[in-house]
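Have a look at the structure below before the remarks.
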Amino acid sequence: MKTSFIALAATMAIGATAATAEEVRVYNWSDYIDEELLTKFQDETGIKLIYDVFDSNDVLETKMLAGNSGYDVVVPSGTFLQRQIAAGAFQKLDKASLSNAGNMWDVIADRTASYDPGNEYSINYMWGTTGIGVNVGKVKEVLGEDAPIGSLALIFDPANMEKLASCGVHVLDAADEMIPAALAYLGENPDSHDKDVIAKTEPLFTAVAPYIQKFHSSEYINALANGDICVAVGWSGDILQARDRAAEAENGVEIAYNAPSEGALMWFDQMAIPVDAPNAEAAHKFLNFIMDAQNMADASNYVYYANGNKASQPLLEEDVIGDPAIYPDEATLENLYTTSPYPPKVQRVVTRMWTKIKSGT
Amino acid sequence: MRRLLIAVPFLWLLALFIVPFAIVFKISLSDLAVAIPPYTPTLDIAEGWAGLKAFFAELDFENYIWLTEDDLYWKAYLSSFKIAVISTLLTLLVGYPIAYGIARAPQEWRAMLFMLVILPFWTSFLIRVYSWMGILSQEGYLNQVLLWIGVINEPLIILNTNIAVYIGIVYTYLPFMILPIYAALEKLDISLLEAAEDLGCSRFSAFWLVTVPLSKQGIIAGSFLVFIPTIGEFVIPSLLGGSRTLMIGKVLWEEFFSNRDWPVASAVAVVLLLILIIPIVLFQRNEQKQREANQ
């Protein structure tokens, strides 16, 4: 009698904590959401939202492959998603509980299906391009009025870089984005997995590496906005955020973003639910919340990235939907390429080459 | 009862060192795979003896052979070793006078001086290293002050270089050097110095011939406490160092995160441990000698 009473009390206690402390843990990229949306989600659903951020796909993938990350929603990019699906890291989405699924944009869904066939494991959050952000005034001061700001020659031609070094150049610390860019500049297939073709990019990087101040994937937002650097190879929305921060600060810094004329990488950040998510039900609620047209529009209006949500488009501000740097026109869209994941052996060659480029060893 | 007492430290060693080491060592003998966890084989206990046999058959030393084939690894080990040696010497150079000063200070001041050494530890290590970024950057406080005084005309580039790494390491590990040296100096019998001076020693040579040898144990202990963690340091070089700062901690990070190659990352870690065991054994032996001398 006594033991059963204790057991009963224990179950009641557990039941009570579960009811009061339902929570969902989201792991997303840094500077990637309007924080008001997080509060809105908590108010609407009563679910406590714990929001953590990362700034590299590598960190996310390592957590996923180690298992038991404790997260309910994570946001890997296309190629990483594809490999993590193959490793069995994600669970199939329960489409029945995603009532807003009809809002999604088929143009994007068709492309993301190459990473996640049938879009069974993920929904698109944002997509964008990898390109070049410049401090227009400074670059023209250094290279003259006809500086090739819309071309990869700006960063791969040592003659340009030698002059730009004095005002500061940052480059993404992401081999899987920089090597395709170098291949595009050389006129090769950016998605090449051939070791010999990839090796052709090494002399290109080695020639300009001494003029690169830093390889980093998030510091350039502030550095561009403050005028500490004049060129950054980075992600479209991050550079546009830098542009807006500079405009707000009225510090005389004018930032422009260009998807390079030689072709630019188009990437997709996909929301997925880990196979061992502690609260998959709440995770679906979060995904459905994000797929709401108004919420998605608010997110894009805040972070200046295009989204994969057709219904949100009428709700977007003109400087988002009308900006070809965010929503590219047909001609630019033609010029965008996508990549696929490197097999482990090629990945090792790529990482080794990247370390050599960065450290000289 | 006595056996139980002896068993405690062994259990401690087993749980906190041998078991984790065995896991890492096992992974270092495995092969890369696209799976959770990202390597094969994993031991399937349900299959019993046959499973165990198949498991061991798949392990090999391939990853260690790989380490010898690429010069990146030994260069990184060597560079870490160099940075650790230089940092230890610099920390000793800065720490010894401070420890000496505290030990010679009037009794009532010592507690306060001691606090001053330990107080920064109450702030998170990460925040303290971050604040050095603010001090050392091109637009940072140090450059602003130096420009204002007129010592320099152009801002110095310190952040993202090895100099910043040395500054960060010396700053972070200074208390580990000061505390053991202080402990040794505090026990020093002042009358020995008086005797030396009576016998015609100058103050400097008395310091060199009496104080330094008698604080040798403290110097050795402090040096090991700085050297051992520095060699595997990751946070300080990644925040303050540039892309050209090559350290084994960073290589390990890249194996683990960029290549997602846990087996090779584990092999790097095992080799690092073997390199570190040598100074640790020397340290232990030194400690033992000291204990015997005291008895």
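Any value given below was found using the heavy atoms of this structure, including those in side chains, with hydrogens, waters and symmetry copies removed. The sequence lines fix the lettering, A, B, ..., with proteins before strands; numbering per chain opens at 1.
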Donor-acceptor table for chain B and chain A, threshold 3.5 Å:
| residue | atom | partner | partner atom | Å |
| --- | --- | --- | --- | --- |
| B/D70 | OD1 | A/R352 | NE | 3.2 |
| B/D70 | OD1 | A/R352 | NH2 | 3.0 |
| B/D70 | OD2 | A/R352 | NE | 2.5 |
| B/N160 | OD1 | A/K214 | NZ | 3.4 |
| B/S243 | OG | A/K358 | O | 3.2 |
| B/E254 | OE1 | A/T355 | OG1 | 2.8 |
| B/E254 | OE2 | A/K358 | NZ | 3.4 |
| B/E255 | OE1 | A/R348 | NH2 | 2.7 |
| B/S258 | O | A/Q347 | NE2 | 3.4 |
| B/N259 | OD1 | A/T351 | OG1 | 2.5 |
| B/R260 | NE | A/E61 | OE2 | 3.0 |
| B/R260 | NH1 | A/D58 | OD1 | 3.4 |
| B/R260 | NH2 | A/Q347 | OE1 | 3.1 |
| B/D261 | OD2 | A/R348 | NH2 | 2.8 |

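Both the backbone and the side chain of B/L72 come within less than 4.5 Å of a heavy atom of chain A.
The CD1 atom of B/I152 lies 4.5 Å from the CG atom of B/L146; values are rounded to the nearest 0.5 Å. Between the CG atom of B/L159 and the CD1 atom of B/I167 there is a distance of 9.5 Å, given to the nearest 0.5 Å.
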Kindly list each side-chain donor-acceptor pair under 3.5 angstrom involving residues 84-94 of chain B, sequence neighbours excluded, with atom names and distances?
| residue | atom | partner | partner atom | Å |
| --- | --- | --- | --- | --- |
| B/S87 | OG | B/I83 | O | 2.6 |
| B/T88 | OG1 | B/A84 | O | 2.6 |
| B/T91 | OG1 | B/S87 | O | 2.5 |

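Ring pair B/F61/B/Y64: centre-to-centre distance below 6.0 Å.
For the side chain to side chain contact (heavy atoms under 4.5 Å, CB included) test, residues two or more places apart in sequence or in another chain that qualify with B/P120 are B/R128, B/Y171. Listed by chain and number, the residues in a ring-ring contact (aromatic ring centres under 6.0 Å, His included) with B/Y141 amount to none (sequence neighbours excluded).
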